[in-house]
Amino acid sequence: MEIIEGDITTLAVDAIVNAANSALAGGGGVDGAIHRAAGPELALASRALAPCKTGNAVITPGFRLRARYVIHTVGPVWRGGGNNEEALLRSAYERSFALAIKQGDVSSIAFPAISTGIYGFPKTRAAEIAIGVMREHESQLERIIACVFDAETEALYRTALS
Ligand code: AR6
């Protein structure tokens with residue numbers, strides 16, 4: 001397991017995970033960055049698989065990205081914590097791993113900090129959930145990367161890992 005600070009769209013891994021929304025048509029944040037870097041083919045491919053329920057995931061090619069695949073998952077919008085948000089966030093990570101493993105030719109994967117931007121999930125708890133699910137899959141893939149975009153999230157991930 002590795003923690004890398006930077007832009008997930010630049011990583012040379014087999015699959016990157018996108019923090020998408022149910023319509024799978026692109027959006028802001030990491031979703032917007034991934035769609036811009038992959039090119040317009042990505043939205044055509046992902047929209048064809050919509051809607052994607054919260055906590056679920058779908059897979060498409062990576063088109064112009066260095067990554068061969070994009071796994072689009074929909075994390076929960078934070079609504080105070082009483083709406084199953086923690087289980088849904090865990091499920092987003094788990095379903096993404098399941099798709100990567102099922103694909104058969106994915107040995108490296110990178111995740112952004114799902115739900116912690118526009119969707120407002122508390123960052124400390126999200127880091128614990130993310131690191132927890134990544135640890136559970138350590139034996140199944142060669143490289144698992146947590147790609148963080150700011151120093152605060154990086155520090156929270158390093159604490160959760162230790
Ligand atoms: N590389 C890695 N991480 C990034 C990048 C990047 N290029 N850009 C942003 N982040 P967010 P969400 C981080 O808001 O909370 C979209 O509109 C960002 O700093 O992208 O799951 C979708 O279409 C934060 O730590 O995703 C949905 O509607 C993390 O990625 C909605 O936002 C997630 O922030 C999803 O919201």
Side-chain angles (χ1 to χ4, degrees), residues 1-40 42-60 62-67 69-81 83-97 99 108-134 143-161:
M1 260 202 65
E2 299 160 55
I3 299 168
I4 292 179
E5 189 184 347
D7 180 359
I8 200 167
T9 66
T10 66
L11 298 181
V13 289
D14 296 324
I16 63 171
V17 176
N18 182 17
N21 59 64
S22 330
L24 302 177
V30 69
D31 192 11
I34 290 172
H35 277 271
R36 278 192 298 278
L42 184 65
L44 291 175
S46 58
R47 270 203 306 258
L49 303 171
C52 181
K53 284 189 184 149
T54 304
N56 209 344
V58 301
I59 189 165
T60 67
F63 299 100
R64 297 177 208 173
L65 291 167
R66 297 174 81 185
Y69 300 105
V70 177
I71 294 171
H72 308 258
T73 191
V74 183
V77 176
W78 182 259
R79 293 198 174 90
N83 294 280
N84 214 25
E85 290 96 331
E86 294 204 356
L88 288 167
L89 184 61
R90 195 170 299 113
S91 171
Y93 282 96
E94 284 168 350
R95 295 287 184 95
S96 298
F97 271 116
L99 273 183
S108 54
I109 188 167
F111 288 87
I114 300 165
S115 282
T116 66
I118 294 162
Y119 280 1
F121 201 106
K123 291 179 182 184
T124 305
R125 189 67 194 118
E128 290 164 359
I129 291 168
I131 294 288
V133 182
M134 289 183 204
R143 261 186 105 189
I144 299 173
I145 296 169
C147 179
V148 295
F149 208 52
D150 58 84
E152 182 197 2
T153 304
E154 180 172 14
L156 292 172
Y157 271 58
R158 296 216 178 273
T159 304
L161 195 56

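Ligands are counted one by one from 1 in listed order, and the atoms in each one are counted from 1 as well. Owing to the predicted nature of the structure, the values given are computational and were not obtained by experimental measurement.
Scanning all protein heavy atoms for the shortest distance to atom 19 (O) of ligand 1 gives F149 CB, 3.6 Å. Remark: minimum distance from atom 25 (O) of ligand 1 to any protein heavy atom is reached at T116 OG1, 3.3 Å. At the shortest separation from atom 16 (C) of ligand 1 among protein heavy atoms lies G28 O, 3.4 Å.
Ligand 1 is approached by S115 to a heavy-atom distance shorter than 4.0 Å. Ligand 1 is never approached by G32 to a heavy-atom distance shorter than 4.0 Å. A heavy-atom separation below 4.0 Å is not found between T153 and ligand 1. Using a 4.0 angstrom heavy-atom cutoff, T9 does not count as in contact with ligand 1.
The side chain to side chain contact (heavy atoms under 4.5 Å, CB included) with C147 is formed by just one residue from the set I8, I3, T153; it is I8.
Counting heavy atoms from C-beta on, the side chains of V17 and Y93 never come closer than 4.5 Å. Proximity of H35 to N18: side-chain heavy atoms (C-beta onward) are separated by under 4.5 Å at one or more points. Side-chain atoms of I71 and I109, non-hydrogen and from C-beta on, do get closer than 4.5 Å to each other. Under the 4.5 Å side-chain criterion, counting only non-hydrogen atoms from C-beta, P76 is in contact with F121.
Heavy-atom contacts of V30 reach the following atoms of ligand 1: 1 (N), 2 (C), 3 (N), 4 (C), 5 (C), 6 (C), 8 (N), 9 (C), 10 (N), 20 (O), 30 (O) (cutoff under 4.0 Å).
Not a single N or O atom of I114, backbone or side chain, sits closer than 3.5 Å to an N or O atom of ligand 1.
With rounding to the nearest 0.5 angstrom, the CZ atom of R90 is 10.5 Å from the CD atom of E128.
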* Asked: side-chain contact (heavy atoms from CB on, under 4.5 Å) between Y69 and L99: does it pass, once the steps are laid out?
  -> CA-CA 11 Å; Y69 300 105; L99 273 183; over 6 Å; no
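Looking at A19 against ligand 1, both its backbone and its side chain come within 4.0 Å, counting heavy atoms.
In this structure, of G120, A126, G29, G117, the residue bringing a heavy atom nearest to atom 15 (O) of ligand 1 is G117.
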